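Both backbone and side-chain heavy atoms feed into the values below; hydrogens, waters and symmetry mates do not. Because the structure is a prediction, the values reported are computed rather than measured. Starting from 1, each residue takes its place in the sequence as its number.
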Amino acid sequence: MDIPPLAGKIAALSLSALPVSYALNHVSALSHPLWVALMSALILGLLFVAVYSLSHGEISYDPLYAVFAVFAFTSVVDLIIALQEDGYVVGFMDFYTKEGEPYLRTAHGVFICYWDGTVHYLLYLAMAGAICRRKRYRNFGLYWLGSFAMSILVFLTGNILGKYSSEIRPAFFLTIPYLLVPCWAGVRVFSQPRAPTCCTANTVQEEQRKGLLQRPADLALVIYLILAGFFTLFRGLVVLDCPTDSCFVYIYQYEPYLRDPVAYPKVQMLMYMFYVLPFCGLAAYALTFPGCSWLPDWALVFAGAIGQAQFSHMGASMHLRTPFTYRVPEDTWGCFFVCNLLYALGPHLLAYRCLQWPAFFHQQPPSGPIALHKKQH
């Protein structure tokens, strides 16, 4: 997979978030939630106009360029928020975390800001750079789509259901485009042509004739997916208050963060159970039986989703913003870290396997009388 050069114009524009946020933080009128929401919407609107006027050619080629440019700006803002909440910088985004979205000050909010300000930011620059040079960015887009969708779904649902539901301000409604844009962007990304592969028909046939036992790497991935599926189901039952002793021991001795009233960890585990668990079963099937051409794309989507989710979940489980009673106990920290790290690493290994050796997932061309008829005509 080729890595496109980063978009320097977008990087320069996104860094304007530093002086803008510092200046706005010293405007006394922004102490009211409604003014915070209106000013935020105005800045995003002006940013879109600036991007459109400076990069009309790129937007005409691919409208997602404007989306990546605006989101790169918000990623820098999120990174500033995370650094400020952890005490590394001061005087930038106090007005927004107090009067705009106070739930960003939670441990979960801090870590989704870190992820958005680093991983998503680099993805935006890479995808915008690919558009500038008329190159493909489909794989980057699929990874971003999964990561972004998981982040926004868990965060918004947790805000509504958790203890911060009473502190929803007008700025919350600015997240509505964050729900609509990924749907449109996902359709565009999936509609892009896949990168050509060098797999010949003979290579595909030879690879697909091999049984699972003849492919030890795939066998290991299938075993991982089965174990990950059981782990996903178990943690889903834990947050649903399953009365068994094993669930009781786990939630109090291994992951007490699942009891945190902010609701983000509970929503996260339910997202895993309803979406990741079926994917584990389908992916194990696709690794066993050849011709499942959908797996490489969806493996990237789920790798992004689980990577973002596990980063936020693991970080928030140990962050100082999480009350002490809900943090991971010191004597079980090693078990918690290893299990959750493996849970995040597995989907990335699956996506890497699908991208590097895709022959097993290619659909065989039709054979027999139908193929002969098509060849003659």
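Here CG of L295 is found 9.5 Å from CG of L282. Values are rounded to the nearest 0.5 Å. To the nearest 0.5 Å, atoms CG (L180) and CH2 (W184) are separated by 11.5 Å. Put simply, CD on E58 and CG on D62 are 10.5 Å apart, with the number rounded to the nearest 0.5 Å. Interatomic distance, OH of Y326 versus OH of Y257, reported as 11.5 Å (0.5 Å rounding). Between the CG atom in L156 and the OH atom in Y264 there is a gap of 9.0 Å [rounded to 0.5 Å]. Here CG of D86 is found 12.5 Å from CD1 of I81. Values are rounded to the nearest 0.5 Å.
Residues V239 and P265 fail the side-chain proximity criterion, which asks for heavy atoms closer than 4.5 Å. Taking 4.5 Å as the limit, some side-chain heavy atom of E85 sits within range of a side-chain heavy atom of T97. At a threshold of 4.5 Å between non-hydrogen side-chain atoms, the residues F148 and M150 do not count as touching. Using a 4.5 Å cut-off on side-chain heavy atoms (C-beta onward), L79 and Y114 make contact. Annotation: side chain of R321 is not in contact with side chain of F111 (no heavy-atom distance under 4.5 Å). Side-chain contact between M273 and R235 is absent, with no heavy-atom pair separated by less than 4.5 Å. R194 places a side-chain heavy atom less than 4.5 Å from the side chain of D297. Within the 4.5 Å cutoff, side-chain heavy atoms of L145 are placed close to those of P182.
In terms of modelled atom types and a separation under 3.5 Å, the side chain of R105 and the main chain of G109 share no donor-acceptor contact. Remark: the backbone N or O of A107 is not paired with any side-chain donor or acceptor of T322 at under 3.5 angstrom. The backbone N or O of T203 lies less than 3.5 Å from no partner atom in the side chain of E206, so there is not a single donor-acceptor pair. In terms of modelled atom types and a separation under 3.5 Å, the side chain of Q208 and the main chain of H362 share a donor-acceptor contact. The backbone N or O of M93 sits nowhere less than 3.5 Å from a side-chain atom of Y22 that would complete a donor-acceptor pair. Of the possible donor and acceptor atoms, none in the side chain of T157 sits under 3.5 Å from a partner among the backbone N and O of V154. Although no hydrogens or angles enter the test, the distance criterion places a donor-acceptor pair under 3.5 Å between the side chain of T74 and the main chain of F71.
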message: Set out, in order, the CA-CA distance, both residues' side-chain angles and the distance that settles ring-ring contact (aromatic ring centres under 6.0 Å, His included) for Y103 and F155, then state yes or no.
response: CA-CA 9 Å; Y103 28 81; F155 188 58; 5.6 Å; yes
task: Applying side-chain contact (heavy atoms from CB on, under 4.5 Å), run through I306 and Y343 and close with a yes or a no.
output: CA-CA 8 Å; I306 297 175; Y343 193 83; 4.0 Å; yes
message: If you apply the rule side-chain contact (heavy atoms from CB on, under 4.5 Å), what do you find for M269 with V238, and how did you get there?
response: CA-CA 9 Å; M269 295 305 113; V238 167; over 6 Å; no
- request: For E207 and F361, run side-chain contact (heavy atoms from CB on, under 4.5 Å): C-alpha distance rounded to whole Å, both residues' side-chain angles, the deciding distance at 0.1 Å, then the answer.
  value: CA-CA 9 Å; E207 188 67 22; F361 310 106; over 6 Å; no
task: Evaluate side-chain contact (heavy atoms from CB on, under 4.5 Å) for D116 paired with Y124, printing each intermediate quantity in order.
output: CA-CA 10 Å; D116 189 51; Y124 295 140; 4.1 Å; yes
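When all heavy atoms of L350 and A283 are compared, the closest pair comes out as CD2-CB, 4.1 Å. Here the shortest heavy-atom pairing between C132 and Y65 reads SG-CE1, 3.5 Å. The minimum heavy-atom distance between A128 and F68, with the atom names listed, is N-CD1, 4.2 Å. Pairing each heavy atom of V189 with each of G141, the nearest pair is CG1-C, 3.9 Å. For A82 against C113, the heavy-atom pair with the smallest separation is CB-CB, 3.8 Å. The shortest heavy-atom contact between Y143 and A303 is CE1-C, 3.7 Å.
Taking hydrophobic clusters as Ile, Leu, Val, Met, Phe, Trp and Tyr residues chained together by side-chain heavy-atom distances below 4.5 Å, F324 does not share a cluster with M314. When hydrophobic clusters are built by joining Ile, Leu, Val, Met, Phe, Trp and Tyr residues whose side-chain heavy atoms come closer than 4.5 Å, directly or via intermediates, L54 is not grouped with L46. Cluster membership for L142 and V187, using ILVMFWY side-chain heavy atoms within less than 4.5 angstrom, is not shared. Hydrophobic clustering, with ILVMFWY side chains joined whenever heavy atoms are under 4.5 angstrom apart, groups L233 together with Y254. Following chains of ILVMFWY side-chain contacts shorter than 4.5 Å, one can reach V262 starting from L153, so the two form part of one hydrophobic cluster.
Remark: of the listed residues L342, L341, N340, L342 is the sole one forming a side chain to side chain contact (heavy atoms under 4.5 Å, CB included) with V338.
A 6.0 Å sphere centred on CG of D245 holds no more than 12 heavy atoms belonging to other residues, nucleotides or ligands. Within 6.0 Å of the CZ atom in F231, the count of heavy atoms belonging to other residues, nucleotides or ligands exceeds 12.
W294 and F190 have their aromatic ring centers separated by at least 6.0 angstrom. W333 has its ring centre less than 6.0 Å from the ring centre of F337. You'll find the ring centres of F279 and Y275 outside the 6.0 Å limit.
The aromatic rings of H56 and Y52 lie perpendicular to each other, with more than 60° between the two planes, well past the 30° mark.
In this structure, a donor-acceptor pair under 3.5 Å is present between the side chains of Q310 and Y272. For the residue pair Y96 / N25, no side-chain donor-acceptor distance below 3.5 Å is found, with atom types taken as modelled. Under 3.5 Å, the side chains of S147 and W115 contain a donor-acceptor pair of N or O atoms. Side-chain contact of H313 with E255: a donor-acceptor pair under 3.5 Å is present, judged by distance alone.
Cation-pi check for R215 over F360 is met; the charged atom lies under 6.0 angstrom from the ring centroid and within 45 degrees of its normal. Note that R134 lies in the cation-pi zone of Y61, set by a 6.0 Å cut-off to the ring centre and a 45° limit from the axis.
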